[in-house]
Amino acid sequence: MPELPEVETIRRDLSPEVEGRQIRATRVHRSDILMNLAGPEAFRQELVGRRIRSLDRRAKYLVFRLDDGRVLQVQLRMTGRFALGRSRPDPGEFGHLAAELDLDDGRTLWYDDMRRLGGFRLLAAPDWERESDRLGPEPLSEGYRPASLAGVLEGRRAPVKNLLLDQELVAGVGNIYASEALHEAGLDPRRAGGELEPAEVERLHGSLRRILREALDHAGTTFRDYRAVNGRSGRFQERLRVYARDGRPCRGCGEEVRRIVQAGRSTYFCPACQT
DNA sequence: CTTGTACCCTGACCGC
DNA sequence: TGCGGTCAGGGTACAA
């Protein structure tokens, strides 16, 4: 569900609330969200008594750093959500409760996941570091440069849209912001990554950063299922340029926005301004 | 290596 | 009202 701006919004909502808190109890209702743990009892044994040192984000992962050095990694995938509070969230909003973590301030961290594609993984620090090293650079980081994007596009014949979704090339970009950034940069999503001119790569790099930053400033895009903590909606959906706007006029030139399928996923673009 | 496809799962929506 | 097909902010395993 969520891409970098959405996951980062959740991290900002949660981190001041959970940092320093101790996990007092856990309840797992749907075991398939335990991605590398045997079952609810194993989850409980590993986590009860642990304190949360910090909450970080890397790509689309939330990373709870624990006081024993290990890492609880959460992947929200399409429909994972969090709520935090003293009483169970409204079942209308949270109808697929998958896990609960009681904290030492009397509140509970509730994890809901309708499709159960997301989940929790408990990793030793070196294992997480190794995984993190495989991921591409954070596009909003200070040091992210056009040369980094140029380097991973070079020689690639796959469509640039597909390459933007590859987490090993650049971290945190998903289906919405890939289309949005390519539109802002005026680039046809079907072009081979390796065929972009240096000036075009530079434009794409700038657009990617601007779009992600703007989406983050608007607390993400609530198009369908995504909610920040406790049901809070994003506001970037009002500013979408092409995503899910097929058949409607391009905000730039008035031409009809088109939808195509690339690597099995929808891409939206304006055939007039993206070349 | 690179690229495409099936799959995990539930629910909303559309045409018949 | 029901039914089948399609689609959904993701990622992985496997085949070609």
Side-chain angles (χ1 to χ4, degrees), chain A residues 1-11 29-36 57-62 73-82 91-98 111-121 131-132 134-136 139 152-183 190 192-195 208 211-212 214-216 218-228 232-247 259-268:
Chain A
M1 139 228 291
E3 308 182 31
L4 187 157
E6 290 77 27
V7 181
E8 179 62 20
T9 298
I10 293 169
R11 190 199 68 79
H29 308 292
R30 310 301 307 235
S31 286
D32 39 7
I33 60 140
L34 302 179
M35 305 172 87
N36 73 341
R57 179 195 57 77
R58 173 81 170 104
K60 301 169 191 170
Y61 299 111
L62 288 167
Q73 177 204 62
V74 181
Q75 263 181 282
L76 302 166
R77 294 274 181 107
M78 299 293 267
T79 52
R81 292 182 186 183
F82 278 108
E93 282 288 313
F94 259 60
H96 301 268
L97 198 56
Y111 178 70
D112 183 279
D113 194 340
M114 181 177 77
R115 292 171 67 183
R116 301 197 305 280
L117 299 175
F120 293 67
R121 288 206 305 158
E131 271 198 31
S132 179
R134 287 217 331 270
L135 296 166
V152 297
L153 297 180
E154 190 182 351
R156 299 292 298 259
R157 283 184 295 185
V160 59
K161 155 68 164 27
N162 298 6
L163 296 173
L164 288 177
L165 297 182
D166 185 338
Q167 301 301 298
E168 297 189 8
L169 305 187
V170 54
V173 180
N175 212 34
I176 291 182
Y177 302 115
S179 281
E180 293 295 302
L182 285 163
H183 182 268
R190 297 166 294 189
E195 283 171 11
L208 208 45
I211 292 284
L212 292 170
E214 197 186 342
L216 179 54
H218 292 263
T221 303
T222 294
F223 170 68
R224 198 186 179 106
D225 299 309
Y226 164 73
R227 289 279 154 17
R232 187 160 77 93
S233 289
R235 304 183 313 279
F236 192 71
Q237 56 277 11
E238 296 145 30
R239 309 179 88 90
L240 291 174
R241 314 161 67 100
V242 286
Y243 185 82
R245 298 192 71 246
D246 46 320
R259 172 186 176 271
I260 58 173
V261 175
Q262 295 181 288
R265 314 199 56 193
S266 293
T267 302
Y268 302 89

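Quick note on labels: first sequence line is chain A, next is B, and so on, each numbered from 1.
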Does a side-chain N or O from A/Arg116 land closer than 4.0 Å to OP1 or OP2 of B/dT10, or not?
yes
Pairing string of DNA chain B (Watson-Crick or G-U wobble, both atom distances under 3.5 Å; | = paired to other strand) is .|||||||.|||||||
Which nucleotide wins on minimum distance to the side chain of A/Arg115, given the candidates C/dC7, B/dC8, B/dT10?
B/dT10
When we call it a touch if two heavy atoms are under 4.0 Å apart, what does A/Gly264 touch: a base, just sugar-phosphate, or nothing?
nothing
Check side-chain hydrogen bond (donor to acceptor under 3.5 Å, both in side chains) between A/Ser132 and all other residues, then give those that pass, not counting sequence neighbours.
A/Arg58
Side-chain contact, heavy-atom cut-off 4.5 Å: A/Tyr226 with A/Val7?
no
Atom pairs under 3.5 Å: protein N/O with N/O of nucleotides 13-16 of chain C:
none

Can you label the angle between the A/Phe120 ring and the A/Phe82 ring as parallel, tilted or perpendicular, going by 30° and 60°?
perpendicular
Measure the distance from CG on A/Leu163 to C1' on B/dT2 and round it to the nearest whole Å.
10 Å
Any salt bridge linking A/Glu8 with A/Arg11? Criterion: basic side-chain nitrogen under 4.0 Å from a carboxylate oxygen.
yes
OP1 or OP2 of C/dA8 sitting under 4.0 Å from any side-chain N/O of A/Tyr243?
no
Which whole-number value in Å describes the distance from A/Tyr177 OH to C/dG10 C1'?
15 Å
Separation of C/dT12 C1' from A/Asp166 CG (nearest whole Å)
12 Å
Nearest to the side chain of A/Asn162, heavy atoms from C-beta on, is which of C/dG10, B/dG4, C/dG11?
B/dG4
For atom CD of A/Glu168 and atom P of C/dT12, their distance in whole Å
8 Å
Distance criterion of 3.5 Å, no angle test: do you see the side chain of A/Arg265 paired donor-to-acceptor with the base of C/dA8?
no
Test side-chain hydrogen bond (donor to acceptor under 3.5 Å, both in side chains) applied to A/Arg241 - qualifying residues, sequence neighbours left out:
A/His183
Identify, residue by residue, the members of residues 154-161 of chain A with a heavy atom below 4.0 Å from DNA chain B, and return them in order of residue number, or none.
A/Arg156, A/Arg157, A/Ala158
Base, sugar-phosphate alone, or nothing: which one does A/Arg259 contact when heavy atoms must sit under 4.0 Å apart?
sugar-phosphate
Could you pull out the protein-nucleic contacts involving nucleotides 11-15 of chain B (nitrogen or oxygen on both sides, under 3.5 Å)?
from, atom 1, to, atom 2, distance (Å)
B/dG11, OP1, A/His96, NE2, 3.3
B/dG11, N2, A/Arg224, NH2, 3.3

Quickly work out the A/Asp113 CG to B/dT10 P distance and round it to whole Å.
11 Å
